[in-house]
Student: 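One structure coming up, written as structure tokens, with questions to follow.
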Amino acid sequence: MSYFDAASGAPLHPVARQALLASLDEGWADPARLYKEGRRARLLLDAAREAAAEAVGCRPDELVFTPSGTAAVHTGIAGALAGRRRTGHHLIVSAVEHSSVLHVAEVHRDGGGTVTEVPVDRTGAVRPSEFAGALRPDTALACLQSANHEVGTLQPVAEAAEACRAAGVLLLVDAAQSLGWGPVEGDWSLLAASAHKWGGPSGVGLLAVRKGVRFAPQGPRDERESGRVPGFENLPAIVAAAASLRAVRAEAAQEAARLRELTDRIRARVPELVPDVEVVGDPERRLPGVVTFSCLYVDGETVLHELDRAGFSVSSGSSCTSSTLTPSHVLRAMGVLSEGNIRVSLPPGTEEEDVERFLGVLPGVVAGVREKLGAPVSRRETVTRERDEALVVDALGRRCPIPVIELARVIGDVPVGGLVRVLADDEAARLDIPAWCEMRGQEYVGEQPADRGAAYVVRRLS
């Protein structure tokens, strides 16, 4: 079995396993106690904090451990907003932040605060000028991930940090995806990360808050972790997280170069092997082990199941892989194709042979799914002519990728310059039909209201 979903959770690093087992014997006592066992536990905790702080690029007394990366994000945003409440209640986030950030933004908005979502370009990156332009006199905090979790695009954190510093605004960086590869550049104010993303155990996050940052922890205060995180520390897991972070950093440069070559191979060869594919994300400024692509006329959930049966564990941002009809907020913000979306995120140690085997299996999997869906053979019963002006495709009640498949089936039935109106109530069609037009050289005219769902109008150009 080839595990290609490291962006969700990397396999436990051997160093993490060793440190975890050792600290179960040595670090079980309360590090706040003064007796021998407590002092031994305190030494382990202090050493872990120093190692993690060195990797982050902050002082040990600026860093605390949390129960998860999500908890680090929630604690960091809430504390920073509360500490800056006299400045204002305006929060800035990018449109492609992790859901942990966007959920806090939603709560902040519901509580009377204001939120600005900075859009991204088609590669998934914010433009520094637009991020700086969102800053206001009442902005308390801005949030920007260091690298996107779905498409691997690196964000301009240093430029954003410079703009925030000039405006007197705090910047929180979610570094969950990138911290294992190196420190985050720029003069950030707060940083959050999660150990299971770099090969540490799950259930450990870290939060760094620079000295001088006005920070007001929310909820009941506790004497542990500088009063910012309540409860007994999971010391064995913390020790393992810090040890594995140091280990992966030592291997990062060499492993990054190797994985980048493998993902470059996937980026180049998938469009050659599989027709009608869009590779998404920045081709250069990206994480070394992540490559994401979307396939037309494919049910993403079925593709994932077929790849799983073939021995490959991958993930997807397609709406077809969940109970919701709404595609990934990241793909939607980028304006790229969502149907048949596949994210391949290679863990350190991935072998070249595994990648070659994946490239050998993928074309047959996609072709098989397309054949089952009948793409793109015409289905005349769903097509009518309206006033000799447009061909109408009724795809109401049908999920992705059926609306796009139906469009592809009939586009040749209208003359060049003619129109096709696709009726659909699947939210993914709002994203996938314009993406199909761009890929196929047709003109997307726009969206029109309909009795149910919407009508997506396409003009044939070729």
Side-chain angles (χ1 to χ4, degrees), residues 1-8 11 150-152 258-281 283 289-322 327-328 331 336-347 349-379 398-409 411-412 426 428 431-432 435-436 438-440:
M1 190 75 179
S2 296
Y3 180 75
F4 286 177
D5 194 22
S8 293
E150 288 194 24
V151 300
R258 200 179 67 82
L259 291 184
R260 187 172 293 277
E261 190 279 328
L262 293 177
T263 53
D264 283 344
R265 189 180 308 184
I266 296 172
R267 289 182 67 89
R269 290 184 56 190
V270 165
E272 297 174 354
L273 297 169
V274 182
D276 299 316
V277 165
E278 181 179 15
V279 181
V280 301
V290 177
V291 56
T292 304
F293 53 89
S294 300
C295 308
L296 277 174
Y297 319 134
V298 162
D299 174 0
E301 185 173 6
T302 303
V303 171
L304 261 62
H305 286 321
E306 292 298 325
L307 286 173
D308 183 43
R309 278 194 281 268
F312 296 97
S313 302
V314 299
S315 63
S316 173
S318 171
S319 62
C320 307
T321 61
S322 66
S328 151
L331 301 178
V336 297
L337 183 70
S338 75
E339 67 184 45
N341 178 260
I342 302 296
R343 180 187 67 183
V344 174
S345 49
L346 307 178
T350 298
E351 298 292 340
E352 179 181 1
E353 292 77 11
D354 291 333
V355 171
E356 285 298 325
R357 191 167 66 86
F358 173 78
L359 291 171
V361 167
L362 180 67
V365 166
V366 175
V369 174
R370 285 173 173 168
E371 184 178 3
K372 290 178 182 178
L373 291 172
V377 178
S378 178
R379 288 175 57 107
R398 310 184 73 181
R399 293 185 59 183
C400 71
I402 299 302
V404 176
I405 290 177
E406 297 289 356
L407 170 61
R409 285 170 173 163
I411 191 68
D426 181 352
L431 182 63
D432 291 344
W436 178 89
E438 182 166 333
M439 294 175 67
R440 306 301 292 181

Student: Please say which of V303, V404, V298, L431 ends up in a side chain to side chain contact (heavy atoms under 4.5 Å, CB included) with E339.
Tutor: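 When side chain to side chain contact (heavy atoms under 4.5 Å, CB included) is applied between E339 and each of V303, V404, V298, L431, only V404 qualifies.
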
Student: Does F4 form a side-chain contact (heavy atoms from CB on, under 4.5 Å) with T350? I'd like the steps, not just the answer.
Tutor: CA-CA 9 Å; F4 286 177; T350 298; 3.8 Å; yes

Student: Report yes or no: does S345 contribute a side-chain atom to a donor-acceptor pair with the main-chain N or O of G289 at less than 3.5 Å?
Tutor: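 No, S345 side chain to G289 backbone: no donor-acceptor pair under 3.5 Å.
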
Student: Short question: side chain of S313, backbone of Y3 - any donor-acceptor pair under 3.5 Å?
Tutor: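 No; zero donor-acceptor contacts below 3.5 Å.
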
Student: Looking at R409 and G374, would you say the former's side chain and the latter's main chain have a donor-acceptor pair under 3.5 Å?
Tutor: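 At least one qualifying donor-acceptor pair exists.
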
Student: Determine whether a donor-acceptor pair (N or O, by modelled atom type, separation under 3.5 Å) exists between the side chain of S294 and the backbone of L337.
Tutor: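 Side chain of S294 to backbone of L337: a pair is present.
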
Student: Not counting sequence neighbours, which residues clear side chain to side chain donor-acceptor pair (under 3.5 Å) with R267? List them please.
Tutor: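 Testing R267 for side chain to side chain donor-acceptor pair (under 3.5 Å), a comparison that skips the adjacent residues, returns none.
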
Student: Verify side-chain contact (heavy atoms from CB on, under 4.5 Å) between V314 and D5, making sure each step is shown before the conclusion.
Tutor: CA-CA 5 Å; V314 299; D5 194 22; 6.0 Å; no

Student: Within this structure, what is the CG-CD distance for the pair L304 and E301, rounded to the nearest 0.5 Å?
Tutor: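 Going from the CG atom of L304 to the CD atom of E301 covers 8.0 Å.
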
Student: Donor-acceptor pair, distance only, cut-off 3.5 Å: does the side chain of T263 make one with the backbone of L259?
Tutor: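 Here the side-chain-to-backbone pair exists.
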
Student: Rounded to the nearest 0.5 Å, what's the gap from OG1 on T302 to CG on L307? Could you check?
Tutor: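 Result: 11.0 Å between the selected atoms.
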
Student: Short question: side chain of T292, backbone of E150 - any donor-acceptor pair under 3.5 Å?
Tutor: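 Such a contact is found between T292 side chain and E150 backbone.
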
Student: What pair of heavy atoms forms the shortest contact from P271 to A268, and how long is it?
Tutor: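 Minimum heavy-atom contact is CD-O, 3.5 Å.
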
Student: Would you give me the side-chain donor-acceptor pairs under 3.5 Å for residues 355-363, sequence neighbours excluded?
Tutor:
{"unit_1": "E356", "atom_1": "OE1", "unit_2": "R269", "atom_2": "NH1", "d": "2.9"}
{"unit_1": "E356", "atom_1": "OE2", "unit_2": "R265", "atom_2": "NH1", "d": "2.8"}
{"unit_1": "E356", "atom_1": "OE2", "unit_2": "R269", "atom_2": "NH1", "d": "2.9"}
{"unit_1": "R357", "atom_1": "NH1", "unit_2": "A310", "atom_2": "O", "d": "3.3"}
{"unit_1": "R357", "atom_1": "NH2", "unit_2": "S2", "atom_2": "OG", "d": "3.3"}

Student: Do V151 and L331 make a side-chain contact, defined as non-hydrogen atoms from C-beta onward lying under 4.5 Å apart?
Tutor: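 Yes, at least one pair of side-chain atoms sits under 4.5 Å.
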
Student: Which pair of heavy atoms, one from V369 and one from E306, lies closest together, and at what distance?
Tutor: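 Nearest pair, atom of V369 first, then E306: CG2-CG, 4.4 Å.
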
Student: Taking only Lys NZ, Arg NE, NH1 and NH2, and the carboxylate oxygens of Asp or Glu, determine whether K372 and D299 approach each other closer than 4.0 Å.
Tutor: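 A salt bridge is absent here (no side-chain N lies under 4.0 Å from a carboxylate O).
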
Student: Taking side chain as C-beta onward, heavy atoms only, is N341 less than 4.5 Å from F293?
Tutor: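 Result no, sub-4.5 Å side-chain heavy-atom pair not found.
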
Student: Nearest 0.5 Å, please: how far is CZ in R260 from CG in L346?
Tutor: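 Here the interatomic distance stands at 12.0 Å.
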
Student: What distance do E406 atom CD and I411 atom CD1 have between them, rounded to the nearest 0.5 Å?
Tutor: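 Result: 13.0 Å between the selected atoms.
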
Student: Can you confirm whether the side chains of S315 and R343 place a donor and an acceptor under 3.5 Å from each other?
Tutor: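 Yes.
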
Student: Sub-3.5 Å donor-acceptor pair from the side chain of D432 to the main-chain atoms of S338, do we have one?
Tutor: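 A pair under 3.5 Å: yes.
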
Student: Are there more than 12 heavy atoms of other residues, nucleotides or ligands under 6.0 Å from atom CD of E353?
Tutor: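 Counting other residues, nucleotides and ligands, CD of E353 exceeds 12 neighbours.
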
Student: Using the side-chain contact (heavy atoms from CB on, under 4.5 Å) rule, take L373 and I402 through it: C-alpha gap first, then chi angles, then the decisive distance, then the call.
Tutor: CA-CA 8 Å; L373 291 172; I402 299 302; 4.1 Å; yes

Student: I need the minimum non-hydrogen distance between Y297 and R370, along with the two atoms involved.
Tutor: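 The answer is O-CG, 3.4 Å.
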
